[in-house]
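Read through the structure below, which is laid out as C-alpha cells, and then see the notes.
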Amino acid sequence: MTTLDATTLTSLRKALYAYIHNYGGDTIAEARAIAGALLTVKAKVGDLVIHGLEIETWVNELVQGFDLTQVAEQVWDEGEQAIATRTKQWRETLENRARITLDAYIQKFSPDLNTLKIQTIVATVLPIVEDAKIARDEGKRLIDVLSNQFDWQSAMQRTIDPKWTLLAETVMQCINKQDAVTSTQDVVVAYVHEFKPSAVEIGEGLVERAVQSVTRSKVELNLDISLDPETKKLLIKQVMFKFNLLEASPPPSKTALEIAHEVHDEVLRYRQEQGLDGIDYSPLVERTDETTGDSVLGGELGIGIELQPETASDTTP
C-alpha cells in the first residue's frame, strides 16, 4: 500500500476544490465521490497506478480536513482545473454509457423490475462499461442516480445504437452467471472472515483464484458452470466491483470457508514459487465515520489481498 506523495496530494486537493467550485458538491459524501472520480481519471491518463483497492485509502487522504466552507478562498492552476474538467466529463460520460446500456438491456430483455432489481442491474452494468477502477463512493452515487432516475417508458422508446445492445447482451451474460458471482464473493468474504488480517488490499489475483476454486467446487455449490477466459474475466470484474460496495455480511457457510482455505493455500504456494515475501497486510477502509467523513474498518469485509500489480485500462464500445 502506498500513500500519495505530498505534491500529488496537494494538487489533487486543489483539483477537488476546483471541481466543487465550478460544478458543485455540497456534502462530504459528494466530495468523497468526486475525489474517487479524480483518482480514477488520474489513473486513466497514466499519472497514477492503482493496486487493488488502495484508491479507497487515497480518497480518505484527499478529504481529510477538507472544508467545504473554504472553497471560494482556494486557488488552483490551469492543470488542476483541467483535471477537474476532465473528471466532470468522465463522470457524465460514464453515467450516460451506463444509462444507455441499462435502457438497451430493458428493451432487449424486458425483465420484471422493481427498484432493488434496477440497482442490481446497474451494479452489473458499471464494471462492463468502464474498465478502470471505480471508487466505492462514486459507484454508490452512480447506482443511486441511475436507479432513481430510471424511467421505463423512456427506456422502451429510446433509439439505441446496436453497439449498446451488444453490451446489454454482456450484462445478461453476467446476470445469468450471478450464482457464480455470488459464490465467488462469498468465498472472498469467507477468506476475510477466516484469516482476519488487520487489513489488506484486495486485487484481481485473489478473486481469480476464488473463481477457479468455485469452478472446481461447482458440485458442492450446486452450480452448473463452465467459464471461457473472457467470461471469467467478466466475473472477476463483477466480484471486484461488488465486493468493494459491501458493508457487512453474515458469517460464511462451511463450504465457503473450506474453499477459502484452498484459496489461501494457493496464495501461499504462488508466493513461494515466485520468491515473494509473506503476505503484506496494509490498512484498507470500509465504511464512513459520520462525524469526520473518513472511512474506517467495518463489518467483516474491510480486507482482501493484492497478489500481483495491476494497471487500469480504458475500453470504449
Side-chain angles (χ1 to χ4, degrees), residues 53 97-99 101-131 133-134 136 139-140 142-144 146-147 150 152 155 164-193 202 204 206-260 263 299-301 304:
L53 298 181
R97 289 167 68 186
R99 181 175 285 109
T101 304
L102 174 62
D103 289 352
Y105 175 84
I106 298 303
Q107 282 190 16
K108 186 169 181 64
F109 300 106
S110 300
D112 293 328
L113 293 174
N114 52 42
T115 301
L116 185 60
K117 190 166 185 179
I118 285 290
Q119 292 176 340
T120 300
I121 296 171
V122 174
T124 302
V125 166
L126 287 171
I128 291 174
V129 299
E130 177 55 76
D131 195 47
K133 292 252 181 18
I134 303 173
R136 180 185 300 120
K140 289 183 175 181
L142 286 162
I143 291 169
D144 287 343
L146 292 167
S147 300
F150 175 75
W152 178 279
W164 302 108
T165 302
L166 289 175
L167 281 180
E169 292 173 355
T170 302
V171 173
M172 175 55 81
Q173 182 182 1
C174 290
I175 289 175
N176 286 339
K177 300 292 187 182
Q178 185 57 44
D179 286 347
V181 171
T182 301
S183 294
T184 303
Q185 188 169 286
D186 288 346
V187 169
V188 177
V189 171
Y191 184 96
V192 170
H193 176 91
I202 181 168
E204 293 186 1
L206 173 65
V207 177
E208 181 176 6
R209 281 164 172 76
V211 169
Q212 292 169 346
S213 294
V214 164
T215 302
R216 289 196 300 266
S217 304
K218 60 185 179 181
V219 174
E220 295 93 325
L221 294 168
N222 196 29
L223 292 176
D224 181 11
I225 180 175
S226 59
L227 301 176
D228 58 59
E230 186 61 31
T231 303
K232 184 168 74 171
K233 181 180 177 181
L234 286 171
L235 261 61
I236 290 170
K237 289 180 65 63
Q238 290 289 313
V239 174
M240 282 286 296
F241 180 71
K242 292 174 181 178
F243 180 90
N244 194 31
L245 296 177
L246 289 174
E247 296 291 352
S249 176
S253 68
K254 180 181 178 181
T255 301
L257 284 170
E258 291 172 349
I259 298 173
V263 172
E300 296 184 341
L301 299 179

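Predicted model, so just to flag it, every value in this text is computed and none were measured. What you see below is based on every heavy atom in this structure, not just the backbone, and it leaves out hydrogens, waters and symmetry mates. For reference, positions follow the sequence shown, starting with 1.
- When every heavy atom of Gly139 is checked against every heavy atom of Leu126, the shortest pair comes out as O-CD1, 4.1 Å.
- Ile121 places a side-chain heavy atom less than 4.5 Å from the side chain of Leu102.
- In plain terms, the two heavy atoms of Ala180 and Leu235 that are nearest each other are CB-CD2, 3.7 Å.
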Trace of the side-chain contact (heavy atoms from CB on, under 4.5 Å) decision for Leu234 with Thr170: CA-CA 9 Å; Leu234 286 171; Thr170 302; 3.8 Å; yes
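- Using a 4.5 Å heavy-atom threshold, the side chains of Val187 and Ser213 count as separate.
- Residue Phe243 forms a side chain to side chain contact (heavy atoms under 4.5 Å, CB included) with just one option from Val189, Leu206, Val181, and that option is Val189.
- For the residue pair Lys242 and Thr124, a side-chain donor N or O sits within less than 3.5 Å of a side-chain acceptor on the partner.
- In this structure, Val171 and Leu167 have side chains that are not in contact, with every pair of non-hydrogen atoms separated by 4.5 Å or more.
- Nearest heavy atom pair, residue Asn244 against residue Ile134, reads ND2-O, 4.1 Å.
- Using a 4.5 Å cut-off on side-chain heavy atoms (C-beta onward), Phe150 and Val122 make no contact.
- Scanning both residues, Gln238 and Ala123, for their nearest heavy atoms gives OE1-O, 4.2 Å.
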Under the criterion side-chain contact (heavy atoms from CB on, under 4.5 Å), I'd like the reasoning laid out for Asp131 against Lys237: C-alpha separation, chi angles, the key distance, then a yes or no. CA-CA 8 Å; Asp131 195 47; Lys237 289 180 65 63; 3.1 Å; yes
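- Ring pair Tyr105/Phe109 is tilted by interplanar angle, where 30° to 60° counts as tilted.
- Ile143 and Leu245 get closest at one heavy-atom pair: CD1-CD1, 3.6 Å.
- In this structure a side-chain-to-backbone donor-acceptor pair under 3.5 Å is missing from Thr231 to Leu227.
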